[in-house]
Structure formats: structure tokens, C-alpha cells
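One structure below.
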There are 2 protein chains.
Amino acid sequence: MSLQDTSQVSNCSAMSDVLNRIGDKWSVMVVGMLGRNGTLRFNELKRMINGVSQRMLTLTLRNLERDGLVTRTIYPEVPPRVEYSLTELGKTLQGPISALWDWSAENHFAIVEARAIYDLRQDATAAAEPRKIAYARG
Amino acid sequence: MSLQDTSQVSNCSAMSDVLNRIGDKWSVMVVGMLGRNGTLRFNELKRMINGVSQRMLTLTLRNLERDGLVTRTIYPEVPPRVEYSLTELGKTLQGPISALWDWSAENHFAIVEARAIYDLRQDATAAAEPRKIAYARG
DNA sequence: CGGTATCCATTTGGATACTG
DNA sequence: CAGTATCCAAATGGATACCG
């Protein structure tokens, strides 16, 4: 099976399944952070990932652990310490995620701009229309 | 500003914003399909993307159009024909998306496997535990 | 510190019916 | 063909309180 073959319509369900996990915002953030920093504690991650709630971070980490992308190490101390890092599999995901991250950094402004233009157009055409539904059943 | 600099904590909100759009399943699928096939009609996309509803495909395409990633061309015929393709900006997203797609194809099985193992462990430890809550308020 | 449990508002998205 | 509109069930996720 050649490598180029991945461009076929097949694997659509695999992609779909994978995306359900790593396609979500928090997962990408966690992998990104762990990729850069190697090992992080729960609250370190929480502080670094802007806006994540404790609940969501916990869920995200559990799912990543379940999928074999992240390891969780508990140190039985008081107060407890739990450290997270990427597995070997998780590290291979770093490349694709980084690419996405870089793309975001490079093109975020273009997107924001495109949105503004699109919205202006919508407003303009909406205003140009002769008031759509009024008078119905009058 | 050097390219390596994107590895800083900054751009977290840009990434977050971008992920809200392209991090969702259907968007990735649409960009993937349009990237491969160049130009596609609405129902062609619908048939190629397994499981997408008409509603979701419409919403996804509108959002991608709004973000400047996809163009929408209407041909005033009967029956109507509407064609979608990637913009230049959209094409630059192809690289990152392809990388993710290839990664999915390569590692899907490893993930499924990891899940199975994780779930087995959970079941095992659950069974090993001495019945957690019972007798409370007895 | 690193969680879990519960509640509840909001969002999401499929199903269905209708339209130019 | 390519949508739009509406309804409604289910999933999502924040807030809060409590625990080892």
C-alpha cells in the first residue's frame, strides 16, 4: 500500500473518528502545550490554556489518555502531584498539530478580515431588500 | 518576527478562534474533499461526506465562505447549480489538513487499540473495588 | 492539588417539511 | 437542485460544591 493512497475517499470514517477527539479545541491545546513543554502538572496546563474549566480539562486529559496520546503519572505525595506528558503516539501527532498552529498564527488576521467583509455584504444586501415578510396575514 | 516564535504561548486565542471553525469535523471534511477534487456541487459534497445532513453541510459551507476559505458560485439555471471550491487562503489550509488526514489514516488503529486496553483496565479495576457506595445511610 | 458530582443553560444537530 | 424554516432531543460545557 503506497503512501499516496491516503488521498482516496477511503479512511473517511477513520478521519471522522480521529477528528472527534483531536478536532476539539481543548485537545489540540493540550497536545500543543505538552508538545512544547514536555511534562506539565494539571494546574500548569489549566493556567496555560486560556479559558478552560477544570471539568473540561479533566475530561480532555482523560480522553487523550484513553486514546493513548497522553500519559498520566500520579505521585502519591501531599499535596498530590499529577504530571501529564505525550506518549510516543502523542508525539507523532505534534507535527500535524504544529502545522495547524502555525497556519492559525499566520492566517488568523486574513480570516477575521474575510468575516468582516462578508458580514458587511450581508448587512448591505439585507438593507437593500424591500422588507421581507411584513404585512403577511394583514 | 522569526518563524520559530509561533511556539510561544501567544497566539493561543488565534489558534482557539481558528479551531472553532476548522476544528470541526464537517469543515475538515469539506476542505479535504474540495482540496482533492477542485470544484464540487452541493450534492456531490453531500454524497462524498458520509453522514452529513443537508442542514450541517449548508451551515459548514456558509461558515467556510464567510471565513474566506471557500468560494460559492451560483449558476442561474434550472435546476439551479451551485459550485464550491477553495479560495487561495483555503488552499493554504490544505497542507495542514492533509497532514492531519494522513496521520489519522496511519494511527487510527493504534488509537482504537489504546481505547480498548484502557476500557479493559477500567472494567478490571472497577470489578476489583470492594463495591463503593453501598450501605450509606443504612 | 487534583480531582468528582451535580445542576442547569446553551448549543448542537438530526428529522422533517416546505420553496424558488 | 440547493437550499430555508421549524422543531425538538441530545450533547456540551460552565458554575458550584464537595472530597481525599
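Quick note: numbers below take in every heavy atom, side chains included, and nothing from hydrogens, waters or symmetry partners. Letters A, B, ... mirror the listed sequences (proteins, then strands); counts begin at 1.
- Closest non-hydrogen pair, V28(B) versus W101(B), comes out as O-CZ3, 3.8 Å.
- We find that CG of L45(B) is positioned 10 Å from P of dG3(D), with the value rounded to whole Å.
- The shortest distance between the side-chain N/O atoms of Y84(B) and the OP1/OP2 oxygens of dG3(D) is below 4.0 Å.
- Protein atom CG of L61(B) is 16 Å distant from nucleotide atom P of dC1(D), rounded to whole Å.
- The number of heavy atoms from other shown groups lying within 6.0 Å of CG (N37(B)) is above 12.
- Expressed to the nearest 0.5 Å, how far NZ of K46(A) lies from CG of L40(A) amounts to 14.5 Å.
- Nearest nucleotide to the N43(A) side chain, out of dG3(D), dG2(C), dC1(D): dG2(C).
- Distance E83(A) CD to dG3(C) P: 12 Å, rounded to the nearest Å.
- Distances shown here put a side-chain N or O of R41(B) below 4.0 Å from the OP1 or OP2 atom of dA2(D).
- One interatomic measurement links the two molecules: CG of L57(B) to C1' of dG3(D), which rounds to 10 Å at whole-angstrom precision.
- Between I117(B) and L120(B), every side-chain heavy-atom pair lies at or beyond the 4.5 Å cut-off.
- At a threshold of 4.5 Å between non-hydrogen side-chain atoms, the residues L45(B) and L61(B) count as touching.
- The distance between atom OH of Y75(A) and atom C1' of dG2(C), rounded to the nearest whole Å, is 15 Å.
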Show me, pair by pair, the donor-acceptor contacts under 3.5 angstrom made by side chains of residues 64-83 of chain A, not counting sequence neighbours?
unit_1 : atom_1 : unit_2  : atom_2 : d
R66(A) : NH1    : D119(B) : OD1    : 2.8
R66(A) : NH1    : D119(B) : OD2    : 2.5
D67(A) : OD1    : R115(B) : NE     : 2.7
D67(A) : OD2    : R21(A)  : NE     : 2.9
D67(A) : OD2    : R115(B) : NH2    : 3.3
T71(A) : OG1    : S85(A)  : O      : 3.4
T71(A) : OG1    : S85(A)  : OG     : 3.1
R72(A) : NE     : Y84(A)  : OH     : 3.2
Y75(A) : OH     : E83(A)  : OE1    : 3.4
E77(A) : OE1    : R81(A)  : NE     : 3.4
E77(A) : OE2    : R81(A)  : NH2    : 2.8
R81(A) : NH1    : E83(A)  : OE2    : 3.0

Any N/O pairs under 3.5 Å between the protein and nucleotides 12-16 of chain C? List them or say none.
unit_1  : atom_1 : unit_2 : atom_2 : d
dG13(C) : N7     : R55(B) : NH2    : 2.4
dG14(C) : OP2    : S53(B) : OG     : 2.7
dG14(C) : N7     : R55(B) : NE     : 3.4
dG14(C) : O6     : R55(B) : NE     : 3.4

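- Between the D24(A) side chain and the S27(A) main chain, a donor and an acceptor come within less than 3.5 Å of each other.
- Across the protein-nucleic acid pair, F42(B) atom CZ and dG3(D) atom P stand 5 Å apart, rounded to whole Å.
- Atom CZ in R47(A) sits about 12 Å away from atom C1' in dG2(C), given to the nearest Å.
- Between the N63(B) side chain and the L59(B) main chain, a donor and an acceptor come within less than 3.5 Å of each other.
- Fit an axis to the five pairs at each end of the helix from dC1(C)-dG20(D) to dG20(C)-dC1(D) and the two axes sit 50° apart, to the nearest 10 degrees.
- The CD-P distance, from E65(A) to dG2(C), rounds to 15 Å in whole Å.
- OP1 or OP2 of dG3(D) has at least one side-chain nitrogen or oxygen of R62(B) nearer than 4.0 Å.
- Using a 4.5 Å heavy-atom threshold, the side chains of N107(A) and L93(B) count as separate.
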